[in-house]
Enquirer: 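Structure provided below as structure tokens; questions to follow.
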Amino acid sequence: MVKEYNPGDIESSWQNKWDADGLYQADADDGKKKFYALTMLPYPSGDLHIGHWYAMAPSDARARFKRMQGYNVMFPMGFDAFGLPAENAAIQRGVHPMKWTYHNIDRMRTQLRSMGTMIDWRREAVSADPEYYHWTQWFFTQLYKNDLAYRKQSPVDWCPQCNTTLAREQVHGDDRHCERCGTQVIKKDLEQWFFKTTNYADELLDFSQIDWPDRVKTLQTNWVGRSEGADVNFSTEDGEKLTVFTTRPDTLWGATFMVLAPEHPLVEKITNQEQKKAVVAYQKKAEQKTEIQRATVEKEKSGVFTGGYAINPVNKNRIPIWIADYVMMGYGYGAIMAVPAHDERDFEFARQYGLEIIPVIQPEGQKFDGGTMPESYLGPGLMINSAQFDGTEVSEGKGRKNPGIGKVIDWLEKEKIGQEAISYKLRDWLISRQRYWGTPIPMIFCEGCGWNPVPDQDLPVLLPEEVEWLPTGESPLKLHPTWKDAICPNCGEKATRETDTMDTFMCSSWYHLRYLSPKYKEGPFDQNEYNYWMPVDIYTGGIEHATMHLVYTRFFHKALRDIGITEAGEPMLQLRNQGMVLGEDGEKMSKSRGNVVSPDDLVAAYGADTVRAYLMFFARWDLGGPWNSQGITGTERWLKRTWAMYAQSSGPGSASDELIRDVQREVHTALDRIGSDYERFEFNTIISTLMELLNVLIDAQGRGASGSKVWPEIMETYLLMMAPAVPHIAEELWTNLLGKPYSIHNQSWPKADPDMMKKDQITLIVQVNGKLRDRIVVPVDINKKDAEKIALASEGAKPYLEGKKVRKVIVVPGRLVNIVI
RNA sequence: GCCGAAGUGGCGGAACAGGCAGACGCGCGCGACUCAAACUCGCGUUCCCUUGGGAUUGUGGGUUCGACUCCCACCUUCGGCACCA
């Protein structure tokens, strides 16, 4: 036993012992309640970041708390190992992506161990291992066989110089140039694989089975973006069908023009000779913008008249067709009917280009004039200028829930002009990536038979290691001399492999299932493990994944359920998000800003326990905030003082029963509070409660409490309370100093005793007109009348009551007496 | 522009159900220990005038005996989404 607290002496040796003893190995056991605690797996970028610690250390503490509560807790870890940075490293530094990735994983594994987490490393899964992506591929074929995967043309950002697809982050600047060669990026249509996420749009809006934060539910709801309305069949003057979706079929009579997305297929047909040049120029300009840019640029609308006209089916009006980039090809039909009188954007567009504005909804008592309206009108009212519908009331409701809109939809359906429809912002999930470092898509194309999935017995389709990185930037899979040669599983003729790989969100959609049985060979997971462990009880991770990853994994589970592979439709019952740790300057941490905080340095200087505790303490976990390197001395001192207290804990002394009773009350109150704080993810107050209690204990120790019979029990309880947050020091003091049976991490969380928490006397505050004037100490069970009497007579209150009439006295039992004069 | 979150001492934050604002910690000040410094320990630390009081939780209103907490309007910061028909 050393005299001073020196984390370097104890932390790694305990880590090694826990590991050797398999202390945190969690095995399915029907006799025990299970708890699956999952935290988002990191991408092996090279170094563990303080942000990783911020995500994982409090999650680990909470998992440990659950374990002490008697749950059989599984806390696994893995690596999301495919992805672009590995390929960049390959191109820039000539390292093979596999080598780079696995080297980083080794390093991060070591770093993760230095945190002293209760990770069960037997369950580790790495998405780039063939035994992992074997099943990623199998899932793909399952989705394909169940009609949830299909191919269609879709544009990608393409660098004509490098001859390669670019990810969004590889396109730089407002002029959108290639990060490698500076060439301006173009859009190119490629045949790509998609998953039908839209099949599950409505189900994804149902959160009734899960306890997720409201802000995430709101983000996902907006992401799915359901709107109710109608499809309406317009036609061009030449009789071409032109369908649009509208949420406001009640305003059809006010449609004075139409707008198509610049890339709409009909544009070429309807554009006349006169407008051709302008239209083509506009299309070119739009092509070079991202959707975000098209949306952002300026409030001012831009567009070009095509020269073509459409016929409004409700009144046979002839209306001009324009193109404008505020209409997106990816939503609805890529075409809108424009009703400037009742839509903000259409209004601005109409004013700018001098197009007609016809009001068709008018609130009673007002009179709109299309020529002078200052802005569009979006509220309720009566229909006007709308033939037989004039006078129909339109309220604020959406779709058929709005009777006015419902009447119009009924009529459209009867006249076969249109029908009720629901439109979603959600798009199908584009899976294909024109990359090397990813899971190969297990599909084979045969001239005669078309596309066929690779048969189960031929999986996995291995990623070839011997590849060349040619400066063209094209995927090495495409350039590989033999890899793409295959035999058609259907007819046995020569065929060609798909050379695209999968989006890495596919790997992370099911990793929690692979953790169940990472070595399992008969399927993606062992059914027995699934039955015991699933679903995930708590999922923790960054809010930035609120839409993409967390939508995909929900979709994935619903699809697997319908295919019959899994049972539950929701993979994660509870979700909680941590905030972001910013640099000390308040900016996002980044290497280029030079404000990155390295956890390794902190561990070397202070020890893992201090860093863990500080990460729990320094900010509200869900909010995060700027790092403060000074504050960490606070948690360091806390652990040093704790150590010192235990080092001199035994010894003679005598203390009053009252003091002991007070200490016990504080201990049980803290137990109660810390327990509920863990449940609520309020980690900062867990540490401050422990600090407060330490102050009480040290004070009591100085007053002779350590001679008391109950002191040893108090000392043990305090260590148990510390154990989840600071596992090393708690173990050291428990096992080596107190000589209690190893390990503290196999002990139960002590129960807070309500009797121990009770007080005999309480302090009531005395207010006069709501202002604090005195405090009175009274028995805890005092009745209202007595409390009132004592308060009225109290020294502090008296001077304010003299010569005044007491109008009312409010007594809140256990809290206060307020005298109103 | 829309959606969401948040504004409390010099700083991070606490106040769980409308009831003592500022717990806990950092920093700072004073003192003890020391030849000295560091460490450690003790005391103090929202602001303003000083027997004592007054003000104070982004701003302005409101509800209430009583508001950091509830309601209305506004301001600021951060995050997300982006002309969604």
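Quick note on labels: first sequence line is chain A, next is B, and so on, each numbered from 1.
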Enquirer: Say we look at B:rC39 and B:rC33: how far apart would their C1' atoms be, to the nearest angstrom?
Expert: 11 Å
Enquirer: Using Watson-Crick or G-U wobble geometry with both distances below 3.5 Å, tell me the partner of B:rG7, or none.
Expert: B:rC75
Enquirer: Give none if B:rU63 has no partner; otherwise give the nucleotide forming a Watson-Crick or G-U wobble pair with it, both distances under 3.5 Å.
Expert: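 Pair assignment: B:rU63 / none.
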Enquirer: It should be established whether A:R815 places a side-chain nitrogen or oxygen under 4.0 Å from OP1 or OP2 of nucleotide B:rA17.
Expert: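 Answer is no, no contact under 4.0 Å.
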Enquirer: Check this one for me: any side-chain N or O of A:K771 less than 4.0 Å away from OP1 or OP2 of B:rA55?
Expert: yes
Enquirer: When you compare B:rG42 with B:rG54, how far apart are their C1' atoms, in angstrom units rounded to a whole number?
Expert: 32 Å
Enquirer: Both distances under 3.5 Å, Watson-Crick or G-U wobble: report the partner of B:rU69, or none.
Expert: none
Enquirer: Expressed as a whole number of Å, how far does the P atom of B:rA17 sit from that of B:rG7?
Expert: 15 Å
Enquirer: Hey, can you tell me if A:Y353 and A:F349 have their rings parallel, tilted or perpendicular (30° and 60° cut-offs)?
Expert: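 Rings of A:Y353 and A:F349: tilted, as their planes differ by 30° to 60°.
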Enquirer: Which residue lies toward the 5' end of RNA chain B, A:T547 or A:M337, if each is placed at its nearest nucleotide?
Expert: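 First, find each residue's nearest nucleotide; the 5'-ward one identifies A:T547.
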Enquirer: Taking the P atom in each of B:rU59 and B:rA67, what is the distance between them to the nearest angstrom?
Expert: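 Here B:rU59 and B:rA67 have their P atoms 15 Å from each other.
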Enquirer: Please check the phosphate of B:rC65 (OP1 and OP2 only) for any side-chain N or O of A:K808 closer than 4.0 Å.
Expert: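 So the side-chain polar atoms of A:K808 do come within 4.0 Å of the phosphate oxygens OP1 or OP2 of B:rC65, strictly under.
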Enquirer: In plain terms, say whether A:R400 and A:E420 are close enough for a salt bridge, that is, a side-chain N and a carboxylate O under 4.0 Å apart.
Expert: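 Answer for the salt bridge query: yes.
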Enquirer: For a quick test of reading the model: is some side-chain N or O of A:N695 closer than 4.0 Å to OP1 or OP2 of B:rG25?
Expert: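 Answer is yes, contact under 4.0 Å.
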Enquirer: For B:rC2, give its Watson-Crick or G-U wobble partner with both distances under 3.5 Å, or none.
Expert: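 Its partner is B:rG80.
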Enquirer: Can you figure out which of B:rC84, B:rC24, B:rG19 approaches the side chain of A:Y331 most closely?
Expert: B:rC84
Enquirer: Can you check the distance between B:rA21 and B:rU57, where both ends of the measurement are the P atom (answer in whole Å)?
Expert: 12 Å
Enquirer: I'd like the P distance from B:rG22 over to B:rU46, given in whole Å.
Expert: 9 Å
Enquirer: From C-beta outward on A:F617, which listed nucleotide comes closest to its side chain: B:rC24, B:rC26, B:rG66?
Expert: B:rC24
Enquirer: Return the nucleotide paired to B:rA38: Watson-Crick means purine N1 to pyrimidine N3 with N6-O4 or O6-N4, wobble means G-U with N1-O2 and O6-N3, both under 3.5 Å.
Expert: none
Enquirer: For the side chain of A:T633, counting heavy atoms from C-beta on, which of B:rA23, B:rC16, B:rC26 is nearest?
Expert: B:rC26
Enquirer: Is there a donor-acceptor pair under 3.5 Å between the side chain of A:Y333 and the backbone N or O of A:D231?
Expert: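 Between the backbone of A:D231 and the side chain of A:Y333 there is no qualifying donor-acceptor contact (under 3.5 Å).
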Enquirer: Would B:rG7 be called syn or anti, given that syn covers angles within 90° of 0?
Expert: anti
Enquirer: Would you measure the distance from the P atom in B:rU77 across to the matching atom in B:rG27 and give it in whole Å?
Expert: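 It comes out at 31 Å once rounded to the nearest Å.
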Enquirer: Less than 6.0 angstrom from the centroid, inside 45 degrees of the normal: does A:R62 satisfy that with respect to the ring of A:F681?
Expert: yes
Enquirer: Would you tell me if any nitrogen or oxygen in the side chain of A:R637 comes within less than 4.0 Å of OP1 or OP2 on B:rG27?
Expert: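 Yes, A:R637 has a side-chain N/O under 4.0 Å of OP1/OP2 on B:rG27.
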Enquirer: Carefully, step by step, assess A:Q767 and A:L816 under the rule side chain to side chain contact (heavy atoms under 4.5 Å, CB included).
Expert: CA-CA 7 Å; A:Q767 295 180 333; A:L816 56 75; 4.0 Å; yes
Enquirer: Which is more 5' along RNA chain B, the nucleotide nearest A:G631 or the one nearest A:S676? Just name the residue.
Expert: A:S676
Enquirer: Expressed in whole Å, how much space separates the C1' atoms belonging to B:rG31 and B:rC70?
Expert: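 Result for the C1' pair: 47 Å, nearest Å.
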Enquirer: Please identify which of these residues, A:Y606, A:W53, A:W627, meets the ring pair (Phe, Tyr, Trp, His ring centres under 6.0 Å) condition with A:Y614.
Expert: A:W627
Enquirer: Is A:N684 near enough to B:rA14 that one of its side-chain N or O atoms lies under 4.0 angstrom from OP1 or OP2?
Expert: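 Affirmative; the distance criterion is met.
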Enquirer: Is the shortest distance from a Lys or Arg side-chain nitrogen in A:R351 or A:D346 to a carboxylate oxygen in the other one below 4.0 Å?
Expert: no
Enquirer: Considering just the side-chain nitrogens and oxygens of A:T763, establish if one lies under 4.0 Å of OP1 or OP2 belonging to B:rC20.
Expert: no
Enquirer: Name the closest nucleotide to the A:M691 side chain, picking from B:rA6, B:rC24, B:rC3.
Expert: B:rC24
